[in-house]
Amino acid sequence: MPSATFAKPHTGTVTLWSGTLIPTAREAPSDAESPSHILLSRAGYIRKLGAGIYDYLPLGWRVLRKVSQIVREEMDAAGATELLLPALIPTELYAGTRRDVDYGDLLFKLTDRKGGTYALGPTHEEPITELVKGSVTSYKQLPINLYQIQTKYRDEARPRSGLLRGREFIMKDAYSFHTAVDGPGGLGETYDKMHQAYSNVFKRCGLDFTPVEAEAGPIGGSASHEFMVNAESGEDTILKCPATGYAANVEKCEIGPRNAPSKGYFAGDPSGALDEVHTPGCPGIEDVAKFTKVKPQNMLKSVLFHVKSTPEQLEKFGEEYILAVVRGDHDVNEGKVRDAAGVGGIELADPAKAAAVGFAIGFISPRAARNADGSAKKGVLLLVDRDVALSYDDAANKPRFWMTGGNKKDYHVKHFNWQRDLGTDPLNATPHKPDTHPAAGLRSTDNFIIVADVRNALAGDPSPRAAGTALVTGRGIEVGHIFKLGTKYSDAMGFKILNAQQQSQSVIMGCYGIGVSRAMAASVEQNHDADGIIWPVGIAPYHVIIQTLKPEHIPTAKDLAARLGAAGIDVLIDDRDERPGVKFKDADLLGIPVRLVLGDKALAENAVEFKARNSKDKPVNIPTEQIVDHVVTALT
RNA sequence: CGGGGUAUAGCGCAGCUUGGUAGCGCGUCUGACUGGGGGUCAGAAGGUCGCAGGUUCAAAUCCUGUUACCCCGACCA
């Protein structure tokens, strides 16, 4: 681990408990559920003021300042510079990007006395682009990477878990500007630097984290990474390859190759005669499974997407749909569907509109992508996951049994067979090649069908990086996200400059975020026990807590604190006239790495009692003259 | 946004069914005894029962409305 903050040649802070505000409580507020929320509340770091809104008390603010300082040092070392933008953003600034609309209700909006409308910034792409656009006029001034540490606002539909998902939170956001993606000074170079800086930051914060590949941006490749703190209580699921270290979030994770079916995709005889069953009020897989006793893994789940076409595409191709088919116990992955289809954007189809085009949502079968005569419906792509494009079960050595929708309300069918029941034999289908240009839209052909990986990866799926290795899952809390934006914002806001060839070009951007307040909570999620918090040294509010057991020991405690402070150590002196039991309990709750106790026993032998919060070892007496060195060693 | 729930002292809760002087634990304050893992005893302060209407001689309690908050789901750079 890189050098800890305390080792720097500055004087540490010394604080008297009696002079500050540390309201510890035996019981947490009833609305606190997650460990970080409960412990930070009980130990007096934060207090709730409203849904998703928290006071940062002195201890909490010290932790946030320590995290911020680590972020500053690493960002500065990576060539970025700090500034501060307003939190209050005039709505006009969103005119080009339309993000006030895209963000929707997530954006806090307010109106001033003159009727002007504003937003409380959730991120700052627009203000930073506006700033740089107005002050950078030559390619010679690029690249540049600017960051701020600031309070952000998002009107979350459901704030939860204390600091982990608040409506007001502290975030570091950085934005870089370039004239090229590759090469010296390019976006890629800064992106890699940020990746390294983020790893340094989270290491110094003492967090156990995993960088994962996330949904790729417009530039493609691994253009986005999330930094996930590994914690069981995390909201996000990540997948890892134990052999190669490959890690990705559910949205992004690829699934490796598996054995090709022995007879080929779709090939094989039916498992029985097509059998229609009445399934009243059962639109969902779970309902059907319960009602018919057929396992979800023997069902085909058909999900209809609507292609978000541009007006020009609408003109040329009409409304287009994608019918994605996965196994009943699998989840369709929207990003994979979009990429496999080769279109720019998709959305779940509206049930009413789908019904008008002949899709009974909830009861769709692959057959719904065909006309009555078996020909392909115009503008409908049938996208079949590899795990269901089968008619023969190699493992069981018999025809594959499928149940699927009956294409009319309240009916399903058993013994669906791809070759017999699709309408046209898929073996004769012309493979669809998505147009290389996503904006081109779908093309209708007679046999419009693709076999692809279109579902979310699961634990046990083959790794995409190591043959014969299975993916494993873990839970995580997203504390950082780096992203290659490309020209999305510069184009939307008309930010172009002349390059060395005297040609006007769009400025290429990257953005890089760290959830500062979320990192504090994530650390507690990861580092606590039944008694309280266990801070990593790097972000602990104080390095040492000195406890006096009798008031007459306070002068001795102050002398000791001064010696520790001179060594750059931050010290909290618990000078309260409380009983020892209360003080020990509170010390454990607060989670300060080192506890020094001044009591008659130790003082009688001219010693101080030392205990590390993260150790189960019994306290040991250290001679007073050695205590500073002992603490420094313990903290390093 | 859909479903479920809660609102009474700083915190955690009871009281509401069956209307009649506002209760308990923790914490706080005073005093005494204590003094190495939330100590004991004695005393004290602290609440217009979320808000607004209504019913009633009388409402924390019954009725109507409203607001806030929590949980599950949907959503989430």
Side-chain angles (χ1 to χ4, degrees), chain A residues 21 23-34 37-38 41-44 47-53 97 99 102-107 121-126 128 152-162 164-167 169 171-175 214-215 217 223-227 234-236 249-251 284 286 334 347-348 477-485 488-489 509-515 518 530-532 547-553 574 576-589 595-604 609 611 618-619 621:
Chain A
L21 181 65
T24 59
R26 193 185 297 230
E27 286 178 287
S30 63
D31 53 27
E33 293 210 332
S34 63
H37 192 183
I38 291 172
S41 299
R42 282 189 54 209
R47 179 159 294 190
K48 188 169 93 166
L49 195 60
I53 309 171
T97 62
R99 274 214 307 165
D102 289 351
Y103 240 84
D105 291 335
L106 216 50
L107 196 67
T123 63
H124 281 72
E125 282 82 356
E126 288 86 358
I128 193 79
K152 307 285 185 187
Y153 299 87
R154 298 178 85 179
D155 192 0
E156 289 285 347
R158 184 146 96 81
R160 67 187 101 174
S161 304
L164 287 175
R165 182 169 293 278
R167 295 196 293 173
F169 55 98
M171 180 172 145
K172 186 282 300 182
D173 50 330
Y175 305 90
E215 178 76 1
S224 174
H225 285 84
E226 292 171 347
F227 289 77
E235 284 187 341
D236 301 307
N249 67 16
V250 171
E251 287 72 41
E286 294 299 324
E334 210 173 301
E347 62 193 347
L348 274 178
I477 301 163
E478 182 189 346
V479 292
H481 196 167
I482 56 178
F483 204 87
K484 291 182 182 174
L485 285 178
K488 179 177 172 185
Y489 291 93
M509 293 172 60
C511 73
Y512 320 92
I514 290 179
R518 183 184 272 192
D531 294 317
Q547 301 198 308
T548 55
L549 295 191
K550 289 184 178 174
E552 58 261 38
H553 295 147
D574 183 357
R576 296 173 300 166
D577 185 13
E578 286 287 351
R579 295 180 62 87
V582 174
K583 295 190 147 196
F584 293 147
K585 285 288 185 189
D586 273 349
D588 288 344
L589 187 58
R595 186 186 84 192
L596 300 179
V597 178
L598 300 186
D600 288 332
K601 292 179 188 170
L603 290 175
E609 184 182 299
K611 174 153 189 341
K618 285 255 191 306
N621 286 348

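Throughout, a chain's letter reflects where its sequence line sits, starting with A, and its residues are numbered from 1. From a predicted model like this one, the values you see are computed outputs, not experimental measurements.
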Residue pair A/Arg518 / A/Glu478, side-chain heavy-atom distance below 4.5 Å:
yes
Integer angstrom distance from the C1' of B/C76 to that of B/C16:
40 Å
With sequence neighbours left out, the residues meeting salt bridge (Lys or Arg N to Asp or Glu O under 4.0 Å) with A/Asp105 are none
Heavy-atom nearest nucleotide on RNA chain B taken for A/Lys48 and for A/Asp577; more 5' hit belongs to A/Asp577
A/Tyr103 vs A/Thr97 side-chain heavy atoms within contact, under 4.5 Å
no
Between A/His124 and A/Tyr175, which heavy-atom pair has the shortest distance, and what is it?
N-OH, 2.7 Å
Rounded distance in Å - CG (A/Leu49) to P (B/C69):
11 Å
Suppose we define a pair by two distances each less than 3.5 Å, Watson-Crick or G-U wobble; what does B/U21 pair with here?
none
Which is it for A/Asp586 and A/Glu578 under the side-chain contact (heavy atoms from CB on, under 4.5 Å) test, yes or no, and what are the steps along the way?
CA-CA 11 Å; A/Asp586 273 349; A/Glu578 286 287 351; over 6 Å; no
Atom CZ of A/Arg576 and atom C1' of B/G36 are separated, to the nearest Å, by 15 Å
Do A/Phe584 and A/Asp531 come within less than 4.5 Å of each other through their side chains, counting heavy atoms only?
no
If I take atom NZ from residue A/Lys585 and atom CZ from residue A/Arg26, how far apart are they, to the nearest 0.5 angstrom?
9.0 Å
Rounding to a whole Å, what distance do you find between A/Glu33:CD and B/U6:C1'?
13 Å
A/Ser30 side-chain N/O to B/C13 phosphate OP1/OP2 under 4.0 Å
yes
First encountered from the 5' end of RNA chain B, between A/Arg167 and A/Asp531:
A/Asp531
For B/G25 and B/C57, measure between their C1' atoms and round to the nearest Å.
37 Å
Pick the P atom in B/G4 and in B/G20, then give their distance to the nearest Å.
30 Å
B/G2: pairing nucleotide in any strand, Watson-Crick or G-U under 3.5 angstrom
B/C72
With no angle test and no hydrogens, is the base of B/G37 tied to the side chain of A/Asp588 by a donor-acceptor pair under 3.5 Å?
yes
Nearest-neighbour nucleotide for the A/Val582 side chain, B/G36, B/G38, B/G35 considered
B/G38
Tell which nucleotide pairs with B/A9, taking only Watson-Crick or G-U wobble pairs whose two distances are both under 3.5 angstrom.
none
Evaluation steps, side-chain hydrogen bond (donor to acceptor under 3.5 Å, both in side chains), between A/Tyr153 and A/Asp155:
CA-CA 7 Å; A/Tyr153 299 87; A/Asp155 192 0; over 6 Å; no
Between the base of B/G36 and the side chain of A/Glu609, is there a donor-acceptor distance below 3.5 Å?
yes
Using the P atoms only, state how far B/C24 lies from B/A45, rounded to an integer number of Å.
13 Å
May I have the distance from A/Arg42 (atom CZ) to B/G27 (atom C1'), rounded to whole angstrom?
13 Å
Can you tell me, in whole Å, how much space there is between the P of B/C62 and that of B/A68?
23 Å
For atom P, what is the distance between B/G27 and B/A22, given to the nearest Å?
26 Å
Measure the distance from CZ on A/Arg47 to C1' on B/C69 and round it to the nearest whole Å.
17 Å
Would you indicate which nucleotide in B/C71, B/G35, B/G12 comes nearest to any side-chain atom of A/Pro29?
B/G12
Would the base of B/G39 count as contacting A/Arg579 through its side chain, where contact means a donor and an acceptor less than 3.5 Å apart?
yes
Who does B/C41 pair with, Watson-Crick or G-U, both distances under 3.5 Å?
B/G31
With 3.5 Å as the limit, what N/O pairs link the protein to nucleotides 22-26 of chain B?
| from | atom 1 | to | atom 2 | distance (Å) |
| --- | --- | --- | --- | --- |
| B/G25 | N2 | A/Glu27 | OE1 | 3.4 |

Calculate the interatomic distance between A/Lys585 atom NZ and B/G27 atom C1'; express it in whole Å.
17 Å
Take atom C1' in B/U17 and the same atom in B/U21, then report the distance between them in whole Å.
22 Å
Taking the side chain from A/Thr548 and the backbone from A/Asp574, do they hold a donor-acceptor pair closer than 3.5 Å?
yes
Beyond-backbone contact of A/Leu106 with A/Glu156, side-chain heavy atoms, under 4.5 angstrom
yes
Decide yes or no for A/Ile477 and A/Leu164: does some side-chain heavy atom of the first lie under 4.5 Å from some side-chain heavy atom of the second?
yes
Please tabulate the protein-to-nucleotide N/O contacts below 3.5 Å involving nucleotides 74-77 of chain B, giving atom names and distances.
| from | atom 1 | to | atom 2 | distance (Å) |
| --- | --- | --- | --- | --- |
| B/C75 | N4 | A/Arg160 | NH2 | 3.4 |
| B/C76 | O2' | A/Arg154 | NH2 | 3.3 |
| B/C76 | O2 | A/Arg165 | NH1 | 2.7 |
| B/C76 | O2 | A/Arg165 | NH2 | 2.7 |

Give none if B/U55 has no partner; otherwise give the nucleotide forming a Watson-Crick or G-U wobble pair with it, both distances under 3.5 Å.
none
Could you check how far CG of A/Asp586 sits from P of B/G27, rounded to whole Å?
11 Å
Using Watson-Crick or G-U wobble geometry with both distances below 3.5 Å, tell me the partner of B/U61, or none.
none
Check ion pair A/Lys488-A/Glu125 (N to O, under 4.0 angstrom):
no
Atom P, compared across B/G31 and B/C63: separation rounded to whole Å
49 Å
Which whole-number value in Å describes the distance from A/His553 NE2 to B/G35 P?
14 Å
